[in-house]
Amino acid sequence: MVELTGSSLTMQQIARVCLKKEGLTISQQSMNRVRKSRAAVEGIVSDKQTIYGINTGFGKFSDVIINNENVAELQLHLIRSHACGVGEPFSELVSRAMLLLRLNALIKGYSGVRPELIELLMELINKQIHPVIPQQGSLGASGDLAPLAHLALVMIGEGKVFGSSGEHIDTEKVFNEKGIKPIVLQAKEGLALINGTQAMVAVGVISYLEAERLACDSEWIASMTMEGLEGIIDAFHPAVHEARGYPQQIAVAKRMIKWLEGSQLVAHQGEKRVQDAYALRCIPQVHGAIWQVLDYVKEKLEIEANAATDNPLILRDGELIISSGNFHGEPIAFAMDFLKIAMAELANISERRVERLVNPHLNDLPPFLSPAPGLQSGAMIMQYVAASLVSENKTLAHPASVDSIPSSGNQEDHVSMGTIGARHAHLIIQNTRHVLAIECICALQAVEYRGIDNMSPKLKKKWMEFREIVPSITTDRVFSKDIQQVSTYLSNY
């Protein structure tokens with residue numbers, strides 16, 4: 001079980017809850033903070049103080065005062081009206097991450113919700129009841145309003161949730177089967193549920209976890225390509241990378257040397273050529289820079305995963321209540337755009353290695369790794385696919401965060417588009433995985449021509465492992481299936 005405190009959630013714990021489906025508990029200190037902040041909200045209502053979102057309208061309607069007898073109705077209208085997302089739903093994995101992240105934010109004690117709402121969120125996570133949430137419709141400021149409203153719909157017994165086979169089922173039916181009672185929202189609770197960055201952060205953390213795994217896999221795949229092309233290992237010498245000083249670059253070079261340890265296929269400078277092309281020679285420099293981006297993104301996501309991002313914030317046990325803008329997604333928007341660029345580059349350099357594996361003008365292998373060049377095309381069109389994917393990535397990598405558009409009568413006049421950036425980052429990662437799968441297939445074939453007995457022991461194990469996934473190219477076949485099988489295998493956690 002993972003214990004939530006509102007301030008100590010790590011990427012590793014997110015992976016345990018979301019990928020391994022571990023359950024949750026909440027610290028007693030956190031629940032005490034929740035009770036204190038709720039008492040402050042109830043005091044505001046009873047004292048008839050005017051506080052945004054508690055007894056006022058929302059956005060441009062913030063100057064409209066709501067009577068006490070209507071504050072609960074106000075929250076219900078808020079959720080229903082804001083649940084207008086469109087498009088395909090987020091994955092069930094992202095939906096679970098959204099529940100986790102929203103819960104962790106609310107238990108910080110700055111939101112004024114009741115313990116009953118906290119307990120319901122925890123119950124949904126522990127019973128693996130995940131809302132169906134459309135992907136499109138968030139501006140990435142004022143909170144991820146539309147996506148989080150669909151999450152909140154489930155809590156009031158409306159909307160849909162994922163079934164055991166991925167189907168979409170009415171929430172009411174599932175609640176009845178599981179003995180779960182929907183919540184009746186009280187003052188501020190609807191706003192507290194939807195004012196936050198949890199959609200973009202949820203997509204971000206799942207994307208980060210996939211990107212990290214892919215970056216690791218890219219190193220052994222690149223190492224096998226080095227063997228297939230008889231690359232020059234001297235470029236990875238520690239002294240070279242220490243001379244520049246980037247820790248991530250140094251680390252990649254060290255790992256490449258470990259993967260290639262004992263290989264009789266790699267060369268030393270001057271033996272076959274003086275130096276390799278950049279796609280081989282600069283692997284530590286490029287992949288190392290990608291790891292720099294991943295480190296930056298991880299830091300920002302972990303900060304945001306433990307942040308209070310709704311509005312208004314109830315501070316100092318209710319002594320201070322301030323309308324502010326922590327829901328603005330700019331930090332995550334920048335991080336997601338940075339992640340997009342890095343993962344697009346991981347695909348770019350991988351595709352260039354694919355080209356060197358298949359192009360007969362760049363190596364002494366059979367043209368396009370074909371078993372019968374001319375009669376059979378071999379890996380020729382796999383390189384086309386890789387080229388198509390990297391070009392698509394270049395379009396998706398355009399920064400979402402440089403755009404803004406006013407909303408709510410120009411009250412909300414600058415937004416982050418961070419959720420769009422996160423969604424596009426996730427798409428780029430899927431494309432990049434396919435590109436690396438293509439490099440993997442080509443590298444497997446290239447080292448087979450060179451002689452697998454001459455491979456490094458570590459890479460030979462990888463060759464044997466992946467030959468169980470994709471067979472040798474002995475004749476042309478439908479390679480789409482091979483690419484998908486390797487890509488799926490690489491995505492397994």
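- Inter-residue side-chain proximity for V34 and I26 is flagged as unmet; no heavy-atom pair is nearer than 4.5 Å.
- Checked against a 6.0 Å centroid threshold, the rings of W220 and F466 count as neighbours.
- A ring-centre distance under 6.0 Å is not found for H150 and H82.
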Q | side-chain hydrogen bond (donor to acceptor under 3.5 Å, both in side chains) assessment of N326 paired with T309 | A | CA-CA 5 Å; N326 278 3; T309 55; over 6 Å; no

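- Other residues, nucleotides and ligands place more than 12 heavy atoms under 6.0 Å from the CD atom of E167.
- At least one donor-acceptor pair closer than 3.5 Å links the side chain of Q13 to the backbone N or O of T10.
- The 12-atom threshold is not exceeded at CD of E88, counting heavy atoms of other residues, nucleotides or ligands nearer than 6.0 Å.
- With no hydrogens or angles considered, no side-chain donor-acceptor pair links S416 and H328 at under 3.5 Å.
- Contact check on K178 versus E123 returns no salt bridge, with no Lys/Arg side-chain nitrogen under 4.0 Å from an Asp/Glu carboxylate oxygen.
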Q. Under the salt bridge (Lys or Arg N to Asp or Glu O under 4.0 Å) criterion, do R213 and E210 qualify, and how do the steps go?
A. CA-CA 5 Å; R213 170 68 185 270; E210 292 185 10; over 6 Å; no

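- Side-chain contact between R114 and K188: absent, with no pair of heavy atoms (C-beta onward) separated by less than 4.5 Å.
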Q.
Applying salt bridge (Lys or Arg N to Asp or Glu O under 4.0 Å) to K300 and E304, what does each step give before you reach the verdict?
A. CA-CA 6 Å; K300 299 304 175 285; E304 195 76 2; over 6 Å; no

**Q.** side-chain hydrogen bond (donor to acceptor under 3.5 Å, both in side chains) between D295 and Q248, worked out
**A.** CA-CA 9 Å; D295 289 346; Q248 297 89 348; 3.0 Å; yes

